[in-house]
Structure formats: C-alpha cells, structure tokens
Amino acid sequence: MSEAPKSLNFIEHIIEEDLANGFPKERLRFRFPPEPNGYLHIGHASSICLNFGLGLRYSSPVNLRFDDTNPVKEEQEYVDAIKRDVKWLGYNWDTERYASDYFQQLYDWAVQLIEEGKAYIDSQSSEEMAAQKGTPTEPGTHSPYRNRTIKENLELFEGMKQGEFEEGSHVLRAKIDMASSNMLMRDPIMYRILHKAHHRTSTDWCIYPMYDWTHGESDYIEQVSHSLCTLEFLPHRELYDWFLDQVYDKTKVRPKQREFARRNLSHTVVSKRKLLKLVDEGVVNSWDDPRMPTISGLRRRGYTPESIRNFADTIGIAKRDNLIDVSLLEFHVREHLNKVAPRVMGVLDPVKVVITNYPEGKEEWLEAENNPEDVSSGSRQVPFSREIYIEKDDFKEEANRKFFRLKLGSEVRLKNAYIIKANSCSKDTDGNITEIQCTYDPRSKSGSGTEESLRKVKGTLHWVSIKHALEAEIRIYDRLFLDESPDTHKDKDFMEFINPDSLKVIKGYLEPSLKNVEIQDRVQFQRLGYFCVDQDTSQGNLVFNKTVGLRDTWAKIQQNN
RNA sequence: UGGCCUAUGGUGUAAUUGGCAACACAGCUGGUUUUGGUCCAGUCGUUCUAGGUUCGAGUCCUAGUAGGCCAACCA
C-alpha cells in the first residue's frame, strides 16, 4: 500500500519542526476545548477535525476539555450536546476533562503568585479599572490598590473565596505592566466573584478564574503539547506564556499556543451569539433546525460525518481571512451520499399521466436497482399501473430539441419501466395542465432484453404509481441568508439578510418501498436530490428533509438562455 | 496617534524551506449513461504594489497598499 504524499499545513510543519528538534513524539498531546455555552457548529467541526486529526496522525491522545469557568452562561445540556456531536463526527477523546476540575490547583497557584508579589486584589469598579486601562495608543495607569501588602492581599483573597464579599467588590489581578503595548498585559483580571452555582462544582466556589488564567494552566496540567486556537487569541499568547512562566517546571512539557484563522462559511453565520439570536427570534425552529450550520442541524439535514470530515480536510487550515463557499460543503455531501444513498423515486410537483393503452386495474411490480454505484445494494420492486405521477417540469406541450423530456408526439423512458409517448393533454379553465394522455410500448419493459427495451430514447423520467404512492411531507431548504457574508457589513445587521424563503414545505408522492424507513435514513430521490427522514416522522406521517439537490446541468442550461 | 497578524486563479489550500506555481471546488468543451446524476477526457485561469539581495524570489529584506485583531469582572 502506497500512501499519497499529503502536504502539511502550517500547524503540522510546526509539530514536525518540534519533533526534528528533539521533542519526543510520545509526548505529543492535543485537546479540543469548547465552552459549554452553546451548540457546536461547522466552525468547531474544523477545529475538532484539526485536533483529533493530529491525534490520529501522530497516534497521540486528544482530550475533550470543557472550558467551564463562567457559570453564568454554561449548562450541562450543552456539555451533553457537545459530547454527542464530537462522537457523531467519529472521534474518540482520550479523557474527558473540565477546567473546573482544576479550580483548587488554580487557586493554590494564585495564592503563590500573591505571595510572590505578582498578583493583587483590586477593589475598584470595573468602570474605574477600564478608565485606568488606557487605550491601544496610550499606556494605562496604576490602580491605587496595586501596592497593597502581601498580607492584605492574602486576607482579601481568602475572604473572596469564603464568600464574604459581594459580586464586583474585588478582583484578583496579575501585576504585570500597565504600559504594555499589549492591552492584555495591563494587569489582567485572574479571578472575579460570582455568587452563582456551577453545573459541576455547584456552590463550592464563589470566585471563578478568568479564561487567560485558566486555559494555559489547564493545558499545562494536562500536559498538552500544542494548544491550538483561533487567531483572535493571538494577543493572548504573551499572557498565556507569562502565566505559564509562573508555574512551569522544566521537567514537564511546556504547552505551546498556536493560532489559526477561523473558517467562515458563505451564506451563514457561525457565532454562538448570532445563532442563538436566530433561535430566540424564531427565524429557525431550534438549534438543530436543518438550516442551521450547527453540527446537530447538519446532522438533521442529512449530512454525514464523513462528508463533514472530508470538507474540513479539503479546506485545510491557515492564517488568512477566508470565506468558504457553501457549495464546497455541498459537494462533499453529494460525493458521499452518491456512494451510499439508496435510489428511490418520488414526485414532488406532480402532474397526472394516464397510459390509455394500459389495462385498467392491472398492476405490475418492476425491478429497480437500489444504487448503480454499489452493486451489492441489490434491487427492489416498484409498482406500475395505468395512472402515474410525473413532475410538472418534465412535460411541455412543445419544446425544442434540447428538452430531453416528455412533449406531445414524442417518447420518453420511464425509469425502470416502459417507453411512453405523449398524445394529448387536458387543461383546467386557467390553462394549467391537469392530465397527460400517453400510450406505452408493452415490449419496451426495462430489463426484459427485447429489442424494444434496448431502444435509445433521449430522456428518462422518474414517476410513481398514483394508486400505490405514499404521501409525505417534504421540507425543502434554501440558504438562510441571501448575502454571502451577512455579518461583515459595517452598516447593516446580519438579520437584514435573512432569506424569507429558506423553508418550503410541500407534499410529495413516494414509491411504497419507503413505508418502513427510519429516522435519519438517507435516500436519493432520483433526478432530484438527497433526502433524509426527519425526526418529526411518526406513524402514518412521513417527513423528509432535503439535504441537497443533485447537480443540475439542465437548470444551468435554462438559466443561460 | 500605537502594537500585532495576514496577502498565491472566481473560492479554499499547497509548493521538497531560495530552484519548472500545483491539488480540490466552481466554470467551460466533449464522451459514456435507463438519473440532464455518477464516471471519463480535455480546457480556462494565480503569486497585492514598488524597490532591493541573488545565477535564480511566491518564499528573504525595505517601503507602501489592502484586510483583520487588540481597551468584557466573556471564552
């Protein structure tokens, strides 16, 4: 077996360089560190695939670590959803960790910093501290509390921990440099008082560590070798390193933070706050609404884990701003579903066809291939009868040579069945076609091997026998936003670009083999697209979500005319 | 009136670290096909600008330009 030489992304280059410089491969360790304050989305999928992909590549453990330092926003529900989504994507974490597991260690280290004169209690309001912080172009000024005695600091910190103070009355700050060009180094807050129960530690603590103080130390505790995050954390790196310096023991692995650019997907938003707004304002029905770019939404839409992993792999990882066209994601789901989704026939916008020379009351069960891409998938039987539905779009009274479908006076193949010829049609008073009268060639039955069955006719249509058809609710989705990058307009809110027609619910008529489908089953409605059984399906009420349409060359030809 | 990051086809990412700019998607043209799907073949098109170093620059240096990030008791 030869493996195609795959080029490395810049993170892999860094790791290779570290290994070349003597870092032991067995000490490589990664982590995926979500905050349990919302659902995972396609952007997280990229990060998950990066970290777990590195774990697979180097046979290294990857921890799932919940960054749960803010009980105001975090909930167990999100922890459960995140675990479900990571598993569904196909990854196994080494150990499940929580930053809250480290609260005691973090506290002890904080005490140590105070004792070393590197941290102090500030007792000003957040407004006062903000005023002293300066601006990116002007240095800050020192807090009047900056030079409290170590003893006083220790007593106050202990008091904070014991719950003696109100929220907002005191914070612990690192004593670094109020004149630093990096705003994060201007005496950052390490702890704040929050009289709020935590989803894991309950009321054990009423002081909670801030992100910067927690994250790097957690990496260190877990001995994560490469701590990967998005680019907006780049300025945090200096502080990450500073905090690490305070506790670092040279015999241990020193975690290295490196930053990559967040992946942006066109025609959507990927920010928990914005996604939450879509849910709260009823633009979508839930976090797992199939229009949402959340992992759970994509799953419900019919996306496969493989397709998402391949997508993440293809878009790669880099440091520049990007806007990835959603059509690339669609390509990957088509690519996978083409191989695995059974083919079935369903008519979504029906018009009745009567085959006038087919005996009334007669029915035949015809053999239909389940998937031409997978011979092992076998075949099934579909019923044929005198009255069938075809798509309205598949018939025109007159059309030019490019129209490979049914028109008066010409022939077309019914998939898996017979060649029919349209002779006439009926219309209602508004001129809408209500019925097409055809005749069929009884010797042209698919697979019969007769000369007539082998005739080449230009078009092949899908169809469904009216008498046998299953009615189903079909949910057709379109992109949620009309603009390719709705949240990057300076003067317009992303909500202004919402596509009012992102969901269309219609009734479809399906072949009877679909009677016993299960939730999440994925199929291809031939010539239309890929569809997935929605969880709203119940006894006698079939609901399908459209995952994505087939590539549609005909639509393109029409558009260009 | 600051600091930091980034710049390669329409999109995303590569380039053996200074040595013929490539892969995928999208587009276009043909072929196959009982899905206008799939598949196959072909084609289009790229190093932000100006200098510099070098036999040789996408890669290194300088300046410029453009975009992004940074002043939450969020992560």
Side-chain angles (χ1 to χ4, degrees), chain A residues 5-9 13 33-35 37 67-70 72-74 122 125-126 129-131 133-140 167-173 180-184 186 189-194 207-208 210-212 214-215 229-238 259 261 263 266 272-273 313-325 327-332 334-335 338-339 343 345 369 372-373 402-405 412-417 419 446-447 453-462 488 524-529 549-557:
Chain A
K6 198 186 158 284
S7 58
L8 306 182
N9 62 46
H13 278 293
E35 182 189 11
N37 70 340
D67 229 333
D68 56 348
T69 57
N70 185 0
V72 177
K73 292 182 176 174
E74 296 149 7
D122 201 333
S125 67
S126 57
M129 282 189 277
K133 194 132 196 181
T135 69
T137 54
E138 304 160 43
E167 287 186 12
S169 57
H170 304 284
V171 291
L172 181 70
R173 288 230 256 174
S180 173
S181 60
N182 183 347
M183 300 289 291
L184 289 156
R186 325 245 261 224
I189 294 173
M190 295 172 67
Y191 274 94
R192 77 285 215 191
I193 299 168
L194 250 28
I207 55 172
Y208 290 92
M210 301 288 289
Y211 166 84
D212 288 297
T214 309
H215 202 92
C229 60
T230 47
L231 230 34
E232 67 264 28
F233 289 97
L234 199 151
H236 294 247
R237 187 151 114 197
E238 191 180 358
E259 310 81 14
R263 320 310 294 167
S266 76
K272 285 184 202 165
R273 204 198 89 238
D313 202 43
T314 302
I315 62 178
I317 213 78
K319 293 178 82 164
R320 54 184 129 145
D321 289 342
N322 58 81
L323 182 62
I324 298 149
D325 201 301
S327 68
L328 186 60
L329 181 60
E330 293 173 343
F331 162 80
H332 283 285
R334 282 193 196 103
E335 183 190 45
N338 175 50
K339 292 191 196 112
R343 272 54 169 175
M345 292 194 286
E369 199 179 13
E373 302 296 314
K402 282 190 169 173
F403 187 77
F404 305 160
R405 304 179 179 190
V412 83
R413 159 77 63 186
L414 291 176
K415 179 85 184 165
N416 305 311
I419 293 171
S446 292
S453 74
L454 297 173
R455 277 173 53 211
K456 301 283 177 202
V457 287
K458 194 59 189 168
T460 301
L461 307 186
H462 63 278
T488 56
Q524 182 196 95
F525 289 172
Q526 284 195 301
R527 302 210 304 135
L528 296 176
L550 255 29
R551 202 165 144 255
D552 194 348
T553 310
W554 173 238
K556 249 172 245 162
I557 293 168

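Proteins get letters first, then strands, A, B, ... in listed order; numbering begins at 1 in each.
Under the Watson-Crick or G-U wobble criterion, with both distances below 3.5 Å, B:C73 has no partner in any strand shown. When Watson-Crick and G-U wobble pairs are counted only if both distances are under 3.5 Å, B:A66 pairs with B:U6. With a cut-off of 3.5 Å on both pairing distances, B:U1 has no Watson-Crick or G-U wobble partner at all. Base pairing analysis places B:A22 opposite B:U13; the two distances defining the Watson-Crick or G-U wobble pair are each below 3.5 Å. Pairing of B:G56, defined by two Watson-Crick or G-U wobble distances under 3.5 Å, is not identified with any nucleotide. Base pairing analysis places B:G36 opposite nothing; no Watson-Crick or G-U wobble pair with both distances below 3.5 Å involves it. Nucleotide B:U43 has B:G27 as its partner under the Watson-Crick or G-U criteria, with both atom distances under 3.5 Å.
To the nearest whole angstrom, the two P atoms, one in B:C40 and one in B:C4, are 50 Å apart. The C1' atoms of B:G58 and B:A22 are separated by 12 Å, rounded to the nearest whole Å. Using atom P as the reference point in both B:G19 and B:A66, the two lie 32 Å apart (nearest Å). A gap of 10 Å separates the C1' atoms of B:C48 and B:U8, to the nearest Å.
Inter-residue side-chain proximity for A:R405 and A:W554 is flagged as met; some heavy-atom pair is nearer than 4.5 Å. You'll find the side chain of A:M345 reaches within 4.5 Å of the side chain of A:N416, heavy atoms only. Contact annotation: the side chain of A:R263 approaches that of A:I324 to within less than 4.5 Å [non-hydrogen atoms, C-beta and beyond]. Contact check for A:L194 versus A:N70: side-chain heavy atoms found under the 4.5 Å cut-off. Looking at A:M210 and A:M190, their side chains never come closer than 4.5 Å, going by heavy atoms from C-beta outward. Using a 4.5 Å cut-off on side-chain heavy atoms (C-beta onward), A:L461 and A:R527 make contact. Between A:Y211 and A:H236, the closest side-chain pair of non-hydrogen atoms falls below 4.5 Å. Side-chain contact between A:M129 and A:D122 is present, with at least one heavy-atom pair separated by less than 4.5 Å.
Rounded to an integer number of Å, the gap from A:N37 CG to B:A72 P is 19 Å. Between A:I317 atom CD1 and B:U6 atom P the separation is 15 Å, expressed in whole Å. Look at CD on A:E335: it is 13 Å from C1' on B:C39, rounded to the nearest Å. Computed from coordinates, the A:N9 CG to B:U16 P distance equals 14 Å when rounded to whole Å. Distance CE (A:M190) to C1' (B:A75): 17 Å, rounded to an integer number of Å. Atom CG of A:D67 is separated from atom P of B:A75 by 8 Å (rounded to the nearest Å). Residue A:K73 contributes atom NZ, which lies 12 Å from atom P of B:C73 at whole-angstrom precision. Whole-Å rounding puts the A:E369 CD to B:U33 P distance at 15 Å.
Residue A:E138 is out of contact with every strand shown, counting any heavy-atom pair closer than 4.0 Å. Counting any heavy atom pair closer than 4.0 Å across all strands shown, A:F331 reaches sugar-phosphate atoms only and no base atom. Here A:L194 lies out of heavy-atom contact (under 4.0 Å) with every strand. A:H236 comes within 4.0 angstrom of a nucleotide base, judged by non-hydrogen atoms across all strands. At a threshold of 4.0 angstrom between heavy atoms, the contacts of A:L550 include nucleobase atoms, whether or not backbone atoms are also involved. Nucleic acid contact class of A:K456 (heavy atoms, under 4.0 Å, all strands): sugar-phosphate only. Nucleic acid contact for A:R186: none, since no nucleic acid atom lies under 4.0 Å from a heavy atom of the residue. Among the heavy atoms of the strands lying under 4.0 Å from A:M129 is at least one base atom, whether or not backbone atoms are also near. Note on A:G447: a base of the nucleic acid sits closer than 4.0 angstrom, heavy atoms only. Base engagement by A:F403 is indicated by at least one non-hydrogen atom pair under 4.0 Å involving a base atom. Residue contacts for A:P33: at a heavy-atom cut-off of 4.0 Å it reaches no nucleic acid atom on any strand shown.
Out of B:U6, B:U13, B:G12, the shortest distance to the side chain of A:A318 is found at B:U13. Across B:C25, B:G36, B:C28, the shortest atom-to-atom separation from the side chain of A:W554 is found for B:G36. Residue A:T460 places its side chain closer to B:U35 than to any other of B:U35, B:G12, B:U17. Here B:U6 is the nucleotide among B:G2, B:U6, B:C74 with the atom lying nearest to any side-chain atom of A:K319. When each of B:A75, B:C25, B:U6 is scored by its nearest atom to the side-chain atoms of A:S327, the top-ranked nucleotide is B:C25. The nucleotide whose nearest atom lies closest to any side-chain atom of A:E373 is, among B:C74, B:G37, B:G12, B:G37. Of the candidates B:C5, B:U35, B:A75, B:A75 carries the atom nearest the A:E74 side chain, counting heavy atoms from C-beta on. The listed nucleotides are B:C73, B:G2, B:A15; the one nearest the side chain of A:T137 is B:G2. The side chain of A:N338 has B:U38 as its nearest neighbour among B:U38, B:U13, B:U34.
Here A:T69 reaches the OP1 or OP2 of B:A75: one of its side-chain N or O atoms lies under 4.0 Å away. Contact annotation: A:K556 side-chain N/O to B:G36 OP1/OP2 distance is not under 4.0 Å. Between A:R263 and B:U13 there is a side-chain polar atom (N or O) within less than 4.0 angstrom of OP1 or OP2. The phosphate of B:U38 (OP1 or OP2) has a side-chain N or O of A:R551 nearer than 4.0 angstrom. Side-chain N/O atoms of A:H13 include none lying less than 4.0 angstrom from OP1 or OP2 on B:U13. Between A:R320 and the phosphate of B:G12, there is no side-chain N or O to OP1/OP2 separation shorter than 4.0 Å. Of the side-chain N and O atoms in A:R527, none sit less than 4.0 angstrom from OP1 or OP2 of B:U34. Here A:R237 does not reach the OP1 or OP2 of B:C4: none of its side-chain N or O atoms lies under 4.0 Å away.
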Inset, instruction - At under 4.0 Å between heavy atoms, which parts of nucleotides 65-71 of chain B does protein reach? Answer with one letter per nucleotide, 5' to 3': B base, S sugar-phosphate only, - none. - result: --SS-SB
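RNA chain B is contacted by both A:F525 and A:H215; A:F525 maps to the nucleotide lying nearer its 5′ end (nearest heavy atom per residue). Where A:Q524 and A:D212 meet RNA chain B, the nucleotide closest to each residue was compared, and A:Q524 sits on the side nearer the 5' end.
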Inset, instruction - Quick one: do A:L550 and A:Q524 satisfy side chain to side chain contact (heavy atoms under 4.5 Å, CB included)? Show the steps, please. - result: CA-CA 9 Å; A:L550 255 29; A:Q524 182 196 95; 3.7 Å; yes
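With a glycosidic angle no further than 90° from 0, B:U17 counts as syn.
Residues passing the ring pair (Phe, Tyr, Trp, His ring centres under 6.0 Å) test with A:H462: none are found, sequence neighbours excluded.
Remark: A:K402 NZ is loosely packed, at most 12 non-hydrogen atoms of other residues, nucleotides or ligands lying under 6.0 Å away.
Under 4.0 Å is where a charged nitrogen must lie from a carboxylate oxygen, and between A:K319 and A:E259 no such pair does.
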